[in-house]
Structure formats: C-alpha cells, structure tokens
Amino acid sequence: MVGVLSNKTSREELKPGDHIYSWRNFHLYAHHGIYAGDGKVIHFTRGAGQEIGTGTFLDRIIFSSSPSHPKDSPCPQCGDQSMLDGVISSCLECFLYGGDLYIFQYSVSPFLFLAKARGGTCTLAPSDPPEDVLHRADFLLKNGFGAYQIFKNNCEDFAIYCKTGLLVFTTVSLGRSGQAASFLAATSAVVSSPLRFLTTSFPGLAAVGCGVYCVSRFVSDIGVRRDVTKVPVERLVARPGVDVSEAAPEMGQKD
C-alpha cells in the first residue's frame with residue numbers, strides 16, 4: 001500500500017496512465033515509465049553503447065535501463081532491447097528488470113513531499129487525466145523525446161511530462177526530475193551552503209544540511225516552481241531531435 005515510507009504497489013493495482021518506477025543498482029537511481037495497459041510500459045532510455053552528446057560523466061556510467069535478458073535468450077515479447085535508444089515500449093517484466101514495482105505520486109501535500117526523504121518518488125503537481133497521459137506517451141513513442149541526459153532530460157522527466165504536460169522553460173534550470181533535484185540538493189547541502197559556517201558541531205551541521213536539502217528539493221519541484229509552461233505534445237516534437245530543454249523557451253506563454 002502506498003504510504004509515507006514506500007510507494008510500492010502490486011501489478012493488480014496498476015491502471016493505464018500510471019507513472020511507475022523501479023530501483024536500479026542497489027537503489028542508486030530509479031527507472032521511470034508510463035504504464036500503457038496490457039502489461040506494456042512506455043519509457044525513455046539510452047541504451048548501452050549509445051552516444052552521450054553533451055552529457056555529463058555520469059551519463060557515461062549510468063544507463064536508464066539495462067539488458068533484461070542475456071542476448072542469447074531475449075525476451076519472447078520484446079526481444080533484445082539493450083541497445084535501443086529513445087522512447088521505447090517494453091513488457092512490464094523487462095521494464096522492472098527484476099526489481100520491485102513502485103508508483104509515483106501526484107498532488108501530494110507539502111508535508112508528505114518533505115516526509116519522503118528520497119527525491120524522485122512524488123510531486124506536488126497534479127496529474128492530467130489518463131487519456132491525456134496515454135496520448136502524450138504514445139505520441140512520443142512514435143516521435144521521440146529528444147536526447148537523453150541524466151540531469152536535463154531523463155526517464156523521470158519523460159514520465160512527468162506525460163503526466164502533466166509541463167516543461168521547464170528557463171535555460172538555467174536543470175530538468176524537472178526529483179532524482180536530479182535530490183542529487184543537486186544533497187550536493188548543495190554538503191558543499192555549497194554558507195550556513196555550514198554558522199556551526200561546527202555535528203548535530204548543528206546535520207540540521208543545517210537537512211534544512212538546505214529539504215528547502216532545495218521543495219523549491220525545485222515542478223509543482224511549485226514558476227519557470228514551467230504547459231506544452232502540447234504536438235508542439236514539443238515539431239522539431240524532431242531537438243533537446244526539450246532547448247525547445248521549451250520557444251514554446252511561448254502558458255496555454
């Protein structure tokens with residue numbers, strides 16, 4: 001049951017249009033997608049061996065998804081998808097890659113958002129109706145979602161866009177995903193905050209770090225930030241191959 005400590009859910013509870021995720025590499029990061037029904041998931045990935053373009057060092061060592069089966073024994077439904085790049089459709093088994101199933105929460109309260117210590121599990125933003133979510137996911141499956149980058153345009157960004165239609169339109173912002181925001185908030189709490197000089201005690205440093213982390217996560221959530229705009233999916237892919245972080249400023253005002 002979805003709660004404060006865990007968003008774990010069962011397959012029987014899944015509904016088309018749900019934003020789901022599964023943890024990878026000892027919970028280092030999670031892979032996100034949109035459940036399309038009939039045991040299928042639409043998700044955004046950069047396959048092994050793909051070009052990283054202007055990505056970061058982490059783009060070189062972390063892949064959005066991994067081979068779901070050995071190459072000599074591919075999935076009977078999906079085949080070998082380990083080298084695929086972009087928006088793809090997989091069976092639920094391949095998407096989970098042996099991990100547990102979790103559901104991403106929308107329209108959570110500020111209290112619940114802050115109670116979730118780990119980013120990339122919920123947002124204050126409301127979800128659009130399932131039919132809109134599925135339309136965006138299916139459209140992007142056919143037309144793409146730009147170049148994959150961990151901090152600017154990742155699998156969680158894809159799922160959040162499908163659920164909300166929202167994009168960040170300022171060039172100074174890094175993506176929309178809670179995972180990226182959580183990582184950057186943690187880095188800021190440890191390294192960048194000038195408040196760390198106000199105390200030298202370990203409890204004081206811990207309190208300062210926790211405060212900076214929570215505030216940074218909250219203000220970067222797509223449900224409260226001001227630098228977002230609602231972008232119809234047809235306009236998003238009007239220029240095939242363009243990075244969505246570059247396309248957003250061209251979309252004009254909110255619809």
Can you find a side-chain donor-acceptor pair between Thr121 and Gln105 that sits under 3.5 Å? no
Does any non-hydrogen side-chain atom of Phe145 lie less than 4.5 Å from one of Leu236? yes
Smallest heavy-atom separation, Pro16 atom then Leu134 atom, equals CB-CD1, 3.9 Å
Are Leu140 and Phe44 side-chain neighbours, meaning at least one heavy-atom pair lies under 4.5 Å? no
With rounding to the nearest 0.5 Å, note down the distance linking OH in Tyr102 to CG in Leu96. 10.5 Å
In Å and rounded to the nearest 0.5 Å, what is the CG to OG distance from Asp132 to Ser127? 8.5 Å
Would you compute the distance between atom OG1 of Thr123 and atom CD1 of Ile160 and round it to the nearest 0.5 angstrom? 6.0 Å
Does some side-chain heavy atom of Ile88 sit less than 4.5 Å from a side-chain heavy atom of Thr45? yes
Pi-cation contact, Phe113 with Arg217 (under 6.0 Å, within 45°): yes
Residue set satisfying salt bridge (charged side-chain N to carboxylate O under 4.0 Å, His left out) with Asp100, at least two apart, ordered chain then number -> Lys8
Sequence neighbours left out, what passes side-chain hydrogen bond (donor to acceptor under 3.5 Å, both in side chains) with Tyr21? Give chain and number order. Asn7
Side chain to side chain, Lys15 and Tyr35, heavy atoms closer than 4.5 Å: no
As an exercise, state the distance from CD1 of Ile150 to CD of Glu156, rounded to the nearest 0.5 Å. 12.5 Å
Taking only residues two or more places apart in sequence, or in another chain, which ones meet Ser22 in a side-chain hydrogen bond (donor to acceptor under 3.5 Å, both in side chains)? none
Sequence neighbours left out, what passes salt bridge (charged side-chain N to carboxylate O under 4.0 Å, His left out) with Asp128? Give chain and number order. Arg136, Lys230
Between Asp221 and Ala125 the two heavy atoms that sit nearest each other are OD2-N, 4.1 Å
Kindly indicate whether the side chain of Ile34, heavy atoms from C-beta on, has any atom under 4.5 Å from the side chain of Val133. yes
Once you round to the nearest 0.5 Å, how far does OG of Ser90 lie from CG of Leu84? 8.0 Å
Pro110: side-chain contact (heavy atoms from CB on, under 4.5 Å) partners, not counting sequence neighbours: Leu124, Phe218
Over 60° means perpendicular and under 30° means parallel, so tell me whether Phe95 and His43 are parallel, tilted or perpendicular. perpendicular
Straight-line distance of Lys40 NZ to Leu92 CG, nearest 0.5 Å: 10.5 Å
Can you sort out the partners of Pro126 under side-chain contact (heavy atoms from CB on, under 4.5 Å), two or more places apart, ordered by chain and number? Ser107
